[in-house]
Amino acid sequence: QVQLAESGGGLVQAGGSLRLSCAASGRTFTRYNMGWFRQAPGKEREFVAAITWIGGTPYYADSVKGRFTISRDNAKKSVYLQMDSLKPEDTAVYYCAADARTITSSDYDYWGQGTQVTVSS
């Protein structure tokens with residue numbers, strides 16, 4: 001079992017930055033791929049970024065590539081999403097997720113409760 005708790009969301013002006021954190025519980029954190037997803041009002045949940053447990057390889061959605069950076073600290077059982085050059089269309093609830101196999105699809109086993117990110121124009 002893995003429990004996830006996101007933090008770091010908030011209100012920011014367009015062009016600004018936020019850093020989301022996701023703290024995990026469980027002894028096998030290092031064996032899980034970690035992903036970030038987001039869901040805007042009236043839209044489906046979409047993939048944002050992921051990082052593998054083998055090699056720490058990052059993956060990004062085209063819409064955030066070059067602006068967002070995912071990283072993980074296995075000693076702290078945490079994953080981070082650094083978001084720069086934020087745009088109003090980045091406004092959404094951001095979710096952290098963990099899975100032993102899935103990387104970019106939404107078939108993750110474990111999900112956090114989400115943190116709201118609002119980007120004003």
Side-chain angles (χ1 to χ4, degrees):
Q1 279 281 358
V2 177
Q3 293 184 327
L4 305 170
E6 304 95 336
S7 61
L11 174 64
V12 64
Q13 287 188 331
S17 299
L18 281 175
R19 187 188 191 217
L20 304 184
S21 299
C22 174
S25 63
R27 293 176 294 177
T28 58
F29 172 79
T30 55
R31 295 186 178 272
Y32 285 95
N33 299 324
M34 300 298 297
W36 286 98
F37 291 76
R38 65 187 182 187
Q39 188 167 18
K43 295 187 177 181
E44 296 203 349
R45 189 175 296 185
E46 64 174 359
F47 168 76
V48 175
I51 187 164
T52 62
W53 72 272
I54 298 177
T57 303
Y59 295 79
Y60 298 98
D62 288 342
S63 59
V64 306
K65 202 170 292 183
R67 301 188 297 121
F68 290 11
T69 303
I70 189 170
S71 61
R72 65 189 295 162
D73 185 333
N74 288 335
K76 295 183 178 180
K77 294 184 180 179
S78 294
V79 63
Y80 308 98
L81 186 68
Q82 177 66 41
M83 305 186 296
D84 299 318
S85 302
L86 282 161
K87 305 175 181 180
E89 50 264 44
D90 294 319
T91 295
V93 177
Y94 284 70
Y95 297 90
C96 174
D99 193 88
R101 289 173 293 277
T102 299
I103 298 176
T104 60
S105 78
S106 60
D107 294 333
Y108 276 69
D109 281 340
Y110 303 103
W111 293 85
Q113 293 299 306
T115 185
Q116 176 71 45
V117 171
T118 303
V119 184
S120 62
S121 57

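Basis for what follows: all heavy atoms, side chains included, without hydrogens, waters or symmetry-related copies. Only a predicted model underlies this, so the values are computations on that prediction, with no experimental measurement involved.
- Qualifying salt bridge (charged side-chain N to carboxylate O under 4.0 Å, His left out) partners for Glu89, counting only residues two or more places apart in sequence or in other chains: none.
- Annotation for Glu6 and Tyr94: closest pair OE2-O, 4.0 Å, computed over non-hydrogen atoms.
- Remark: Thr102 engages Asp99, Ser105, Asp107, Tyr108 in a side-chain contact (heavy atoms from CB on, under 4.5 Å) (not counting sequence neighbours).
- Minimum interatomic distance between Ser121 and Pro88 (heavy atoms only, all atoms of both residues): CB-CG, 3.8 Å.
- Contacts of Glu46 classified as side chain to side chain donor-acceptor pair (under 3.5 Å), with partners at least two apart in sequence or in another chain: Arg38.
- The minimum heavy-atom distance between Ser106 and Trp111, with the atom names listed, is O-CZ2, 3.3 Å.
- Residues Tyr80 and Tyr32 do not share a hydrophobic cluster, clusters being chains of Ile/Leu/Val/Met/Phe/Trp/Tyr side chains in contact below 4.5 Å.
- In this structure Ala40 satisfies the side-chain contact (heavy atoms from CB on, under 4.5 Å) test together with Lys43, Ala92, sequence neighbours excluded.
- Listed by chain and number, the residues in a side-chain contact (heavy atoms from CB on, under 4.5 Å) with Gln116 are Thr91, Val93, Thr118 (sequence neighbours excluded).
- Both Val79 and Tyr60 are part of a single hydrophobic cluster, where members link through side-chain heavy atoms under 4.5 Å apart.
- In the hydrophobic cluster analysis, where Ile, Leu, Val, Met, Phe, Trp and Tyr join through side-chain heavy atoms closer than 4.5 angstrom, Leu81 is grouped together with Val117.
- Every residue meeting the salt bridge (charged side-chain N to carboxylate O under 4.0 Å, His left out) condition with Arg67, not counting sequence neighbours, appears here in chain and number order: Asp90.
- Listed by first then second residue, pairs satisfying disulfide (SG to SG under 2.5 Å) with a partner in residues 46-95 number zero, not counting sequence neighbours.
- Between Val2 and Tyr110, the closest heavy-atom pair is O-CD2, 3.4 Å.
- What you find for Ala98 and Met34 is that their closest heavy atoms are CB-SD, 3.5 Å.
- A 4.5 Å side-chain heavy-atom check between Leu4 and Tyr95 finds every atom pair outside the cut-off.
- Each disulfide (SG to SG under 2.5 Å) pair with one or both residues in residues 44-82, not counting sequence neighbours, would appear here, but there are none.
- Of all heavy-atom pairs between Ile70 and Trp36, the closest is CD1-CD1, 3.6 Å.
- Between the Ser25 side chain and the Gln3 main chain, a donor and an acceptor come within less than 3.5 Å of each other.
- Note that OG of Ser78 is 12.5 Å distant from CG of Leu20, once rounded to the nearest 0.5 Å.
- Pairs engaging residues 17-121 under the disulfide (SG to SG under 2.5 Å) rule: Cys22-Cys96 [sequence neighbours left out].
- Listed by chain and number, the residues in a side-chain contact (heavy atoms from CB on, under 4.5 Å) with Gln82 are Ser17, Arg19, Thr69, Asp84 (sequence neighbours excluded).
- For Lys65, the salt bridge (charged side-chain N to carboxylate O under 4.0 Å, His left out) partners two or more places apart in sequence, or in a different chain, are Asp62.
- Summarising the hydrophobic clusters (Ile, Leu, Val, Met, Phe, Trp, Tyr; side-chain heavy atoms under 4.5 Å, direct or chained), the residues clustered with Trp53 are Ile54.
- Paired with Ile103 under the rule side-chain contact (heavy atoms from CB on, under 4.5 Å), one option of Thr57, Ile51, Asn33 passes, and it is Asn33.
- Looking at heavy atoms from C-beta onward, Leu18 lies out of side-chain contact with Phe68 at the 4.5 angstrom threshold.
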